[in-house]
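Nothing fancy with the numbering, it's 1 onward along the sequence.
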Amino acid sequence: VQLQASGGGLAQVGGSLRLSCSASEGTFNRYHMGWFRQAPGKEREFVAGISWIGGNAFYLDSVKGRFTISRVNAMNTVYLQMNSLKPEDAAIYYCAASGGPLYDRQQDYNNFGQGTLVTVSS
């Protein structure tokens, strides 16, 4: 499945952005979907994951209560709503697909799309 992320941009501290990721094929609902991010000089982080049917979600501790992952299988799209943005949220964000059994297992996500840049200004 090919993935294309969008929705990044510049937000102020405390502001919001919504990222979208569209998949190219109709088998989208067979994949767990996730969002990762990578800031300059840092390791890639697994930010959020959602099960194939959308009933379960995983969040990185630092984004719990601020970010929400969701998906609309009929539209082959997964979203990441980011609220109360902090400077440390600035990064390139990537969506990814997992064909493995667990939505919260980072190493199962092996299909990454192009990233979208999120900048947070203070």
Side-chain angles (χ1 to χ4, degrees):
V1 58
Q2 291 186 323
L3 304 171
Q4 180 65 53
S6 61
L10 175 64
Q12 291 187 329
V13 171
S16 299
L17 285 173
R18 188 175 82 155
L19 306 183
S20 300
C21 175
S22 297
S24 62
E25 61 180 67
T27 57
F28 175 77
N29 61 1
R30 298 181 184 179
Y31 297 94
H32 302 312
M33 296 299 297
W35 287 95
F36 290 72
R37 68 185 181 189
Q38 188 165 21
K42 295 189 176 182
E43 297 283 326
R44 186 169 63 190
E45 288 186 305
F46 180 29
V47 176
I50 188 166
S51 59
W52 63 273
I53 202 171
N56 295 287
F58 160 85
Y59 294 98
L60 183 68
D61 282 347
S62 61
V63 308
K64 284 181 181 177
R66 300 188 298 119
F67 289 13
T68 303
I69 188 171
S70 61
R71 65 190 295 164
V72 179
N73 286 343
M75 296 178 62
N76 291 355
T77 303
V78 61
Y79 302 97
L80 186 68
Q81 178 67 43
M82 306 187 296
N83 298 328
S84 302
L85 283 162
K86 302 178 180 180
E88 53 264 39
D89 295 321
I92 299 174
Y93 282 72
Y94 302 87
C95 63
S98 166
L102 301 174
Y103 64 93
D104 58 352
R105 194 162 78 170
Q106 177 177 352
Q107 57 266 41
D108 285 352
Y109 287 87
N110 56 10
N111 186 350
F112 287 80
Q114 290 185 323
T116 186
L117 178 64
V118 171
T119 305
V120 182
S121 66
S122 56

Inset, instruction - Mind listing the closest non-hydrogen atom pair of Leu85 and Leu17 along with its distance? - result: CD1-N, 4.0 Å
Inset, instruction - May I have all residue pairs that pass ring-ring contact (aromatic ring centres under 6.0 Å, His included) and include part of residues 86-122, sequence neighbours excluded? - result: Phe36-Tyr109, Phe36-Phe112, Phe46-Tyr109
Inset, instruction - Report the distance from atom NE2 of His32 to atom OG of Ser98, rounding to the nearest 0.5 Å. - result: 5.5 Å
Inset, instruction - Look only at the side chain of Ser51 and the backbone of Asn56, and say whether a donor-acceptor pair between them is shorter than 3.5 Å. - result: yes
Legend entry - Pairs satisfying disulfide bond (SG atoms under 2.5 Å apart), at least one member in residues 14-122, at least two apart: Cys21-Cys95
Inset, instruction - Evaluate the side-chain proximity of Thr68 to Tyr79: yes if any heavy-atom separation is below 4.5 Å, no if none is. - result: no
Inset, instruction - Group every Ile, Leu, Val, Met, Phe, Trp and Tyr by side-chain heavy-atom contacts under 4.5 Å, then state whether Leu80 and Phe58 land in the same group. - result: no
Inset, instruction - Answer yes or no: are there more than 12 heavy-atom neighbours, outside Glu88 itself, under 6.0 Å from its atom CD? - result: yes
Inset, instruction - With sequence neighbours left out, write down each residue that passes side-chain hydrogen bond (donor to acceptor under 3.5 Å, both in side chains) with Asn110, or none if nothing qualifies. - result: none
Inset, instruction - Could you check if a side-chain atom of Val1 sits within less than 4.5 angstrom of a side-chain atom of Asn76, using non-hydrogen atoms only? - result: no
Legend entry - Atom of Gly115, atom of Ile92 and distance for their closest heavy-atom approach: CA-CG2, 3.7 Å
Inset, instruction - List for me each residue that meets side-chain hydrogen bond (donor to acceptor under 3.5 Å, both in side chains) alongside Arg105, sequence neighbours excluded, and say none if there are none. - result: Asp108
Inset, instruction - Output the distance between atom CD1 (Ile50) and atom CG (Asp104), rounded to the nearest 0.5 Å. - result: 12.5 Å
Legend entry - Pairs where residues 113-122 contributes a residue and the test salt bridge (charged side-chain N to carboxylate O under 4.0 Å, His left out) is met, not counting sequence neighbours: none
Inset, instruction - Only counting residues at least two apart or in another chain, list the ones meeting salt bridge (charged side-chain N to carboxylate O under 4.0 Å, His left out) with Lys64. - result: Asp61
Legend entry - Partners meeting side-chain hydrogen bond (donor to acceptor under 3.5 Å, both in side chains) with Glu45 (sequence neighbours left out): Arg37
Legend entry - salt bridge (charged side-chain N to carboxylate O under 4.0 Å, His left out): pairs with one or both residues in residues 68-85, sequence neighbours excluded: none
Inset, instruction - Report the distance from atom CZ of Phe28 to atom OG1 of Thr77, rounding to the nearest 0.5 Å. - result: 6.5 Å
Inset, instruction - Heavy atoms only: give me the nearest Leu19-Trp35 pair and the separation to one decimal. - result: CB-CH2, 3.6 Å
Legend entry - Separation of Tyr59 OH from Arg66 CZ (nearest 0.5 Å): 12.0 Å
Inset, instruction - For the residue pair Asp89 and Met82, establish whether any side-chain heavy-atom pair is separated by less than 4.5 Å. - result: no
Legend entry - Student check: side-chain heavy atoms of Val120 and Val13 closer than 4.5 Å: yes
Inset, instruction - Using the disulfide bond (SG atoms under 2.5 Å apart) rule, collect all pairs that involve residues 26-81, keeping only residues at least two apart or in two chains. - result: none
Legend entry - Partner set under side-chain hydrogen bond (donor to acceptor under 3.5 Å, both in side chains) for Arg44, not counting sequence neighbours: none
Inset, instruction - Applying side chain to side chain contact (heavy atoms under 4.5 Å, CB included), name anything that partners Thr27, two or more places apart in sequence or on another chain. - result: Glu25, Arg30, Tyr31
Legend entry - Heavy-atom pair of closest approach, residues Ala91 and Ala39: CB-N, 3.8 Å
Legend entry - Greater than 12 external heavy atoms within 6.0 Å of Gln2's CD: no
Inset, instruction - Taking atom CD1 of Ile53 as the centre, report whether more than 12 heavy atoms of other residues, nucleotides or ligands fall under 6.0 Å from it. - result: no
Inset, instruction - Measure the shortest side-chain to side-chain distance between Phe67 and Leu60 over non-hydrogen atoms and say whether it is less than 4.5 angstrom. - result: no
Legend entry - Pairs involving residues 3-23, ordered by first then second residue, that meet side chain to side chain donor-acceptor pair (under 3.5 Å) (sequence neighbours left out): Ser16-Asn83
Legend entry - Shortest non-hydrogen separation from Met33 to Leu3 and the atoms involved: CE-CD2, 3.8 Å
